[in-house]
Amino acid sequence: MESMAGEKRRVAILGSTGSIGTQALEVIAQNPDRFEVVGLAAGSNTRLLAEQARATGAALVAVAADGGTAANPAMPALADALRTGAAAEAPRAQVLSGQSAAEDLVAASGADVVLNGMTGSIGLKPTLAALRSGATLALANKESLVVGGALVAQAQQRPGQVVPVDSEHSALAQALSSGRHEKGMCSPRITGDSDVAKLVITASGGPFRGWLPTALRDVTPEQALVHPNFSMGKVVTTNSATLVNKALEIIEAHLLFDIPLDVIEPVVHPQQIIHSLVEFHDGSTIAQAGPPRMLVPIALGLSWPERLPGVDRGIDWSQPMSWDFEPLDHTAFPAVALAKAACATSATHMAVYNAANEQAVEAFHRRELALPDILSTVETVLSEYEGSAPGSIPTVDELLDVEQWARSRADELAGSASLASAREAQR
């Protein structure tokens, strides 16, 4: 990657119309001398995508929807609006469409940095495409690692090619620079044997922190979508309510930093000022603190290992404040233990975990399942899955097949639970 003191870094943003993508464009707009947007990819919000392309002058745009008007009525407006400059005679940006559009954009963009802010395991193929291209991958799509960690590790062309954008993993990468640790995908620039004793990942605890397991059965979808600190999409916010999101982050940290699962643990920190901590063998603990926002992790993903000035405001140390920490209630929230067990079983068990969870979340929002039934469904699907051969690395197609089976089985279980609930209500 070019030094920040040299030429502009060419950036492609996948998921540009989502929360991560829009904030990344804010960072880039504040630093026009450091970055050039060369590609933007989105799912279906073509109107915002067109606005972003006009504002950045991106030469390539990609939409996952098919290009036909019947499939996506906004496509004609997108085609008319996309230009590489403001003048009417400026050449139109090239529009890529279809299910492989994001991968095609990565391959054609010549980007120095690819920010993957997509949601879900659909981000795996673009992640692999970014690594194959030689670009630095600023990774906010945790499912790429959770589902296809072995493939991502295999595709990496150089140490440090993957830079984490999740706030917790960005914090860990920063804190790890205080000691010796050279293993993993996104190793800090240090050498020697590892000094690391433990990784501690903070969690807000979600909206139901402190609730008894029995009370969780009465939670409504509307309640589950009220996160105490962040505004996120339906699946991610629900995952935060069940602590599945924290479970996925622990697996992601295990894969990114090559740290054993048994020395990675969550701690509930409702204020979310400390984003994660690293404990070293000498008893010292280094914490990374900052406002509960994503601007700094996103900026570091784009500029790593250098820092951009004025990205966010710091903590006001002149004001009184207190930070709370408490252990995670694994009885009420079994997501972490279930994920650790799945990850340790085979290279494909986490694909089952993630896919079954996504389907169960949708069933919860259709009011077919109670909130605790989400993890019960995931556990049942995992118990029925035989797994891949020990030590084997699955192909992308094999992972997709595993996911499809898990989704179908989770849907069957959710349907059965809904039917049983309806029959009980009629009695």
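Small disclaimer: the values here were computed from a predicted structure and weren't measured.
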ask   = Which of these, Leu115, Thr127, Leu105, Ile20, sits in a side chain to side chain contact (heavy atoms under 4.5 Å, CB included) with Leu14?
value = Leu105
query = If you look only at pairs with a residue in residues 329-350, which of them pass as a ring-ring contact (aromatic ring centres under 6.0 Å, His included), with sequence neighbours excluded?
reply = His349-Tyr385
Identify all side-chain donor-acceptor contacts of residues 206-215 below 3.5 Å with residues at least two apart in sequence or on another chain.
unit_1	atom_1	unit_2	atom_2	d
Arg209	NH1	Glu326	OE1	3.3

With Glu36 via salt bridge (Lys or Arg N to Asp or Glu O under 4.0 Å) - residues at least two apart = none
task = Would you mind listing every side-chain hydrogen bond (donor to acceptor under 3.5 Å, both in side chains) that reaches into residues 277-292, with sequence neighbours excluded?
result = none
task = Given side-chain contact (heavy atoms from CB on, under 4.5 Å), test Val113 with Arg10 step by step and report yes or no.
result = CA-CA 6 Å; Val113 181; Arg10 297 164 295 179; over 6 Å; no
ask   = Do Leu151 and Val396 come close enough that some side-chain heavy atom pair is under 4.5 Å?
value = yes
request  = Go through the side-chain N and O atoms of Glu384 and Thr380 and say whether any donor and acceptor fall under 3.5 Å apart.
outcome  = no
ask   = Which atom names give the shortest non-hydrogen contact between Ala24 and Ile13, and what distance separates them?
value = CB-CD1, 4.1 Å
key: Residues forming a salt bridge (Lys or Arg N to Asp or Glu O under 4.0 Å) with Asp401, sequence neighbours excluded   = none
inquiry  = Looking only at side-chain N and O atoms, does His169 offer a donor or acceptor that is under 3.5 Å from a partner on Ser276?
reply    = no
message = Could you check whether any side-chain heavy atom of Phe325 comes within less than 4.5 Å of a side-chain heavy atom of Val268, counting everything from C-beta outward?
response = no
inquiry  = Determine whether Arg47 and Gln52 satisfy the following criterion, side chain to side chain donor-acceptor pair (under 3.5 Å), listing intermediate values before the conclusion.
reply    = CA-CA 9 Å; Arg47 295 190 186 281; Gln52 292 174 339; over 6 Å; no
inquiry  = In the structure I gave you, are the side-chain heavy atoms of Met118 and Pro126 within less than 4.5 Å of one another anywhere?
reply    = yes
remark   = By side-chain hydrogen bond (donor to acceptor under 3.5 Å, both in side chains), Asn141 pairs with (sequence neighbours left out) Glu143, Ser144
task = Would you indicate whether the side-chain heavy atoms of Met350 and Leu145 approach each other to under 4.5 Å?
result = no
key: Note, Val200 side chain near Val278 side chain (heavy atom, < 4.5 Å)   = no
key: With Glu26 via side-chain hydrogen bond (donor to acceptor under 3.5 Å, both in side chains) - residues at least two apart   = none
request  = Applying side-chain contact (heavy atoms from CB on, under 4.5 Å), name anything that partners Pro309, two or more places apart in sequence or on another chain.
outcome  = Arg34
inquiry  = Quick one about Thr377 and Asp373 (side-chain donor to acceptor, distance below 3.5 Å, no hydrogens or angles considered), yes or no?
reply    = no
ask   = Can you name the side-chain contact (heavy atoms from CB on, under 4.5 Å) partners of Ala247, sequence neighbours left out?
value = Ala335, Val336, Ala339, Tyr353
request  = Answer yes or no: is there a side-chain heavy-atom contact under 4.5 Å between Glu403 and Asn354?
outcome  = yes
task = Please name the pair of heavy atoms, one in Asn245 and one in Lys142, separated by the smallest distance, quoted to 0.1 Å.
result = OD1-NZ, 3.5 Å
query = Do the side-chain N and O atoms of Gln23 and Ser19 include a donor-acceptor pair separated by under 3.5 angstrom?
reply = yes
inquiry  = Could you check whether atom CZ of Arg307 has more than 12 heavy atoms from other residues, nucleotides or ligands sitting under 6.0 Å from it?
reply    = no
Ile259 versus His254, closest heavy-atom pair with distance = O-ND1, 2.8 Å
Sub-4.5 Å side-chain heavy-atom contact between Lys198 and Ile264 = no
Salt bridge (Lys or Arg N to Asp or Glu O under 4.0 Å) partners for Arg132, two or more places apart = none
request  = Applying salt bridge (Lys or Arg N to Asp or Glu O under 4.0 Å), name anything that partners Glu362, two or more places apart in sequence or on another chain.
outcome  = Lys234
remark   = With sequence neighbours left out, the residues meeting side-chain hydrogen bond (donor to acceptor under 3.5 Å, both in side chains) with Ser408 are Gln404
request  = Taking the side chain as every heavy atom from C-beta outward, state whether Ser303 and Phe35 have any atom pair closer than 4.5 Å.
outcome  = yes
remark   = Taken to the nearest 0.5 Å, the spacing of Ile374 CD1 from Thr238 OG1 works out to 6.5 Å
query = Shortest non-hydrogen contact from Ala171 to His275?
reply = CB-CB, 3.7 Å
